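Sequence positions, counted from 1, serve as the residue numbers for this chain. None of these values were measured; they are calculated from a predicted model. We use all heavy atoms of the structure for the numbers below, so side chains are in, but hydrogens, waters and symmetry mates are not.
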Amino acid sequence: MWEIGDRMAQAAAMMTDTQVTSTVLGSAWPGHFNKTIAETMNANIEKVGLPPWTEADQALAKSLQHELKVPRSVWRRSCSRCAAVNWSRRGKARGGSDDIGDISWNVPTVTLRYPSNMAAGPGHNWANAISMAGPIAHKGIQAGAKVVALTVIDS
């Protein structure tokens, strides 16, 4: 990717009769997560459980799913897919990069993926923004915060 970026910058510089140089200013390392903290967090996920989704929450999610023409599904009924971290994938690239990978090589780190949005949402989309601004997200965030607090106490 670096070489592609350099070629693009060089081409743009040639088009504008200017010069360009490039320097590495930073990098993004893959995640290196902590198994012990992940196991502790997973135990706390089981203790806290999932948020209590109401009929109104379900109706909002299903109506948004209908508008988006995606499968209408309900939230998870168990915490088996709320895993704190799949630590066996440590060091393997998985999607976009951010600074959590860099931090995880210096500080014991886990991530918490607690449900706080409708199922089958398309990510960065108006429909996700709607459900993230109401009780659906608030319930997920409160339950997730309890998991984090219990994990801090246990660690």
Any donor-acceptor N/O pair, T109 side chain to V107 backbone, under 3.5 Å: yes
Quick one: CD1 on I37 to CG on N44, what's the gap to the nearest 0.5 Å? 12.0 Å
To the nearest 0.5 Å, what is the distance between CG (N125) and CD (E67)? 11.5 Å
Considering only residues two or more places apart or on different chains, which pairs with a residue in residues 2-31 satisfy salt bridge (Lys or Arg N to Asp or Glu O under 4.0 Å)? none
Shortest non-hydrogen contact between S22 and W2, atoms and distance: OG-CZ2, 3.7 Å
Between W126 and I136, is there shared hydrophobic-cluster membership here, with clusters defined by ILVMFWY side-chain heavy atoms closer than 4.5 Å? yes
Please round to the nearest 0.5 Å and tell me the distance separating atom CD1 of I100 and atom CZ of F33. 5.0 Å
Where is the tightest heavy-atom contact between G140 and P51, given as atom of each residue plus distance? CA-CG, 3.7 Å
If I take atom CD from residue Q10 and atom OG1 from residue T18, how far apart are they, to the nearest 0.5 angstrom? 8.5 Å
Please answer: with hydrophobic residues joined when any side-chain heavy atoms are less than 4.5 Å apart, are L150 and V152 in the same cluster? yes
From CA spacing to verdict: side chain to side chain contact (heavy atoms under 4.5 Å, CB included), L68, Q65: CA-CA 5 Å; L68 295 167; Q65 291 165 340; 5.8 Å; no
Got a donor-acceptor contact below 3.5 angstrom from the S116 side chain to the A137 backbone? no
Identify the heavy atoms of A127 and L64 that sit nearest to each other, and give their distance. O-CD1, 3.7 Å
Indicate yes or no: at least one non-hydrogen side-chain atom of T40 is less than 4.5 angstrom from one of V110. no
OG1/T21 to CD/Q19 distance, rounded to the nearest 0.5 angstrom? 9.0 Å
Positive for side-chain contact (heavy atoms from CB on, under 4.5 Å) with M41, one of L112, N34, T36: L112
Selection residues 138-147 - residue pairs positive for side chain to side chain donor-acceptor pair (under 3.5 Å), sequence neighbours left out: D57-K139
If I compare all heavy atoms of G49 with all of A143, which pair ends up nearest, and what's the gap? O-CB, 4.4 Å
So CG of N106 and NE2 of H32: to nearest 0.5 Å the spacing works out to 10.0 Å
I4: hydrophobic cluster co-members (side-chain, 4.5 Å): M8
